[in-house]
Structures are given as structure tokens and as C-alpha cells.
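In what follows, every heavy atom counts, from backbone to side chain, and hydrogens, waters and symmetry copies are set aside. Predicted, not measured: the structure shown is a model, and the values here were computed from it.
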Amino acid sequence: MQKETWLFLESGACSPSYNMALDEKLLQWHSEGKIPPVIRFYEWNPASLSLGYFQKIHKEINITAVEEHELGIVRRPTGGRAVLHDKELTYSVIVNEDHPKMPETVTEAYRVISEGLLEGFRQLGLEANLSIPKTKEDTDALKNPTSAVCFDAPSWYELVVEGKKIAGSAQTRQKGVILQHGAIVLAFDVDQLFSVFKFKDDRMREQMQKRFLQKAVSIQDLTSTDVTIPQLREAFKVGFEQGLDVHLEPMTLTEEQKQEVESLAIERYQSDDWTYRR
């Protein structure tokens, strides 16, 4: 039986505003029937902090530290907590809600898409598993996170190795389309990460940083091999093809599409009204 063909877009290292605008445009084009489902890989230039759609920036983020580290900052169209995108490969999956492969619920859609991530980690020789809360307390903890940091704890069907979170994802559904994007982390700079969040005092920051190191892990922490970004791209391309049972065909943006993305990046994702809206 012939596999369904999805598009595969490698967009390289882009500005934070362009990255979010391109994800949104892919969602729009797919909803309009202009393109089939898409899997996209990308990076960030400069390293950037992305905020969840509902996150309160002035309450949770140390803007001064963001500026001192010369980080980009952008608000995602998806929910969840803040992510510092630096040494990582970011992925996005854009597919119709009513696609035969996609379950109706958000958590079950996470499970299906996570199969691609699982296979990608296996390509790297890492045995990852899906996180599933085992008790009511675990489930309640997901509804009431203790910090603004995305990798502080795994959510439903996110990837864990030896009980530690290794990939973080966020999802939105708009215009009948699922957009899920997430970070596959090569290495953490934990000191920099925790400098950009607000805490009650230094003692609390130290406690949360220690807790983070007990609950999150990077690929670099798990292997003695020097894994590169190109190796991640290849491993997870194969992983998504196998995990979702699809064939990925390279996509190249037209000049008109690039212009649409750039316009949206300026109008929305570079706008202070969007970034600082909460």
C-alpha cells in the first residue's frame, strides 16, 4: 500500500518572528487546501525565548536578563510555558483535525505525533518513552505547573528518558487544523535559562534550578557521541516518516509565500502589542 505524501520543510535558522509567522502561514495554507500536511524543522537566530500564548510576560519573565543575553523574544500562537530555544532542533507538524491519522482529543493527538519523535530518538540510539500521569496527583500537577519553565516537568504524552523530559511540545487548533511544535534539545545552558525567569528570591531560583536538573535532560547528557544539528534533522526526518507512516517530500517556499510570511512576521510577531499583550 502506497504511503501518503506529506511536505517536509527545512527552513534553517530564522528570526523568532519569522519562525512563528511561518508556522501560522503553513496552518493557514493547509486550512485553505493549498498544501498537504507539513512537517517543518527549524532553528533560531538569535537564540530566543518563546512565550506561551497565555503567559503573563511581566509577571514571569525577566526582560532585563533577556536583553543582557541578547536573546530574541516572541509570543507563540500555542499555549504552554516559555521555552529558551538555543542548542536545539525545533519541529512543527501541521495537519487537519479530521485527518484519518489524528484522534479528536488534544492529548491523543500528542500521542500520535509523539510516535515520530520516539522513532527519531531511536534513530539516535536513545530509548525514549511517552509520559503518562499514573496518579491523580500527577494529573493535577499538570494543570497547576510550579514554574514558568517549559521543561520543568513532562506533560501528557511528551518524551522522557529515564524519567526525565527530553522534548517539549505545544499545540493549538485553528481553522480546523492542528499545529504542534516543540523543541528537541541538544544541550541546555541552565544558568542562562533560569536567569530569564522571575522568582521570589535567589533561594527559590536555586531550588527550582536544582529541581529542573532532576526533571529535564538533553541529548548531550545521554550520549558520549557529539551529535550535530544535521544528524538530528536526518534522524527525526526518518523518525516522522516511520512513526506517522508517511513519505516526506521536500517543500520550497515560493517568493509569494516568503513575502506573506515576512509581512505577518512584521505585523504580528514583531509587534509589542502581540508580545507584551499579557
Side-chain angles (χ1 to χ4, degrees), residues 9 11-31 38 40-94 106 110 142-153 155 158 167-175 177-185 189 192-199 260-278:
L9 178 59
S11 44
C14 305
S15 71
S17 58
Y18 189 92
N19 275 334
M20 294 300 93
L22 181 47
D23 274 357
E24 182 176 333
K25 278 295 176 181
L26 290 170
L27 182 154
Q28 178 188 329
W29 297 330
H30 185 48
S31 75
V38 186
R40 175 186 171 219
F41 289 167
Y42 55 102
E43 299 141 68
W44 302 71
N45 184 23
S48 300
L49 188 71
S50 75
L51 310 170
Y53 180 81
F54 298 102
Q55 204 156 21
K56 297 178 180 178
I57 186 169
H58 295 293
K59 180 180 178 181
E60 299 178 352
I61 305 302
N62 182 345
I63 301 298
T64 301
V66 171
E67 293 171 348
E68 287 174 352
H69 289 298
E70 299 182 334
L71 301 172
I73 188 166
V74 69
R75 186 176 292 277
R76 300 190 304 269
T78 52
R81 291 170 281 173
V83 183
L84 179 56
H85 304 277
D86 190 1
K87 299 176 180 66
E88 69 169 49
L89 179 68
T90 313
Y91 78 89
S92 57
V93 177
I94 295 95
V106 171
Y110 265 118
L142 295 180
K143 299 174 184 176
N144 300 287
T146 55
S147 85
V149 187
C150 175
F151 275 77
D152 181 57
S155 299
E158 288 193 313
S169 303
Q171 189 182 119
T172 187
R173 295 179 178 223
Q174 300 175 25
K175 303 175 183 177
V177 175
I178 297 168
L179 163 61
Q180 180 172 313
H181 48 197
I184 302 164
V185 180
D189 183 337
Q192 184 182 66
L193 172 62
F194 274 78
S195 73
V196 300
F197 292 95
K198 288 183 177 179
F199 296 91
E260 283 187 48
V261 175
E262 288 165 0
S263 295
L264 180 61
I266 293 168
E267 292 166 7
R268 175 170 300 163
Y269 291 103
Q270 290 180 25
S271 164
D272 286 349
D273 286 344
W274 171 264
T275 304
Y276 297 93
R277 63 197 297 267
R278 293 179 182 273

Side-chain contact, heavy-atom cut-off 4.5 Å: [X] with [Y]?
| X | Y | answer |
| --- | --- | --- |
| His30 | Val38 | no |
| Pro46 | Glu70 | no |
| Glu43 | Asn45 | no |
| Tyr53 | Thr78 | no |
| Leu26 | Leu179 | no |
| Leu22 | Tyr269 | no |
| Lys25 | Ser263 | no |
| Val177 | Ile94 | yes |

- Item | Check against side chain to side chain contact (heavy atoms under 4.5 Å, CB included), Ile178 and Arg173 | CA-CA 5 Å; Ile178 297 168; Arg173 295 179 178 223; 3.7 Å; yes
Minimum heavy-atom separation for [X] to [Y], with atom names?
| X | Y | result |
| --- | --- | --- |
| Leu71 | Val196 | CD1-CG1, 3.8 Å |
| Val261 | Ala21 | O-CB, 3.5 Å |
| Gln174 | Pro77 | NE2-O, 4.0 Å |
| Ala65 | Ser195 | CB-O, 3.2 Å |
| Gly79 | Ala170 | O-CB, 3.4 Å |

- Task: Please name the residue in the list Arg76, Arg40, His85 that meets the side chain to side chain contact (heavy atoms under 4.5 Å, CB included) test with Asn19.
- Result: Arg40
- Task: Using the side chain to side chain contact (heavy atoms under 4.5 Å, CB included) rule, pick out the option among Ile61, Ile57, Leu51 that qualifies with Tyr276.
- Result: Ile57
Tell me if a side-chain donor or acceptor on [X] pairs with a main-chain N or O of [Y] at a distance below 3.5 Å.
| X | Y | value |
| --- | --- | --- |
| Lys59 | Lys198 | no |
| Gln55 | Glu60 | no |
| Thr64 | Asn62 | no |

- Task: Go through the steps to decide whether Ile63 and Ile73 satisfy the test side chain to side chain contact (heavy atoms under 4.5 Å, CB included), and finish with yes or no.
- Result: CA-CA 9 Å; Ile63 301 298; Ile73 188 166; 4.1 Å; yes
- Answer yes or no on whether Arg268 is positioned over the face of Trp274, meaning its NZ or CZ is under 6.0 Å from the six-membered ring centre and within 45° of the axis. yes
- Message: Less than 3.5 Å apart, any donor N or O on the side chain of Gln171 or Ser169 sitting next to an acceptor on the other?
- Response: no
- Message: Is the ring pair Tyr42/Trp44 parallel, tilted or perpendicular, if the boundaries are 30 and 60 degrees?
- Response: tilted
- Message: Please report the interatomic distance CZ(Arg277) to CZ(Phe54), rounded to the nearest 0.5 Å.
- Response: 8.0 Å
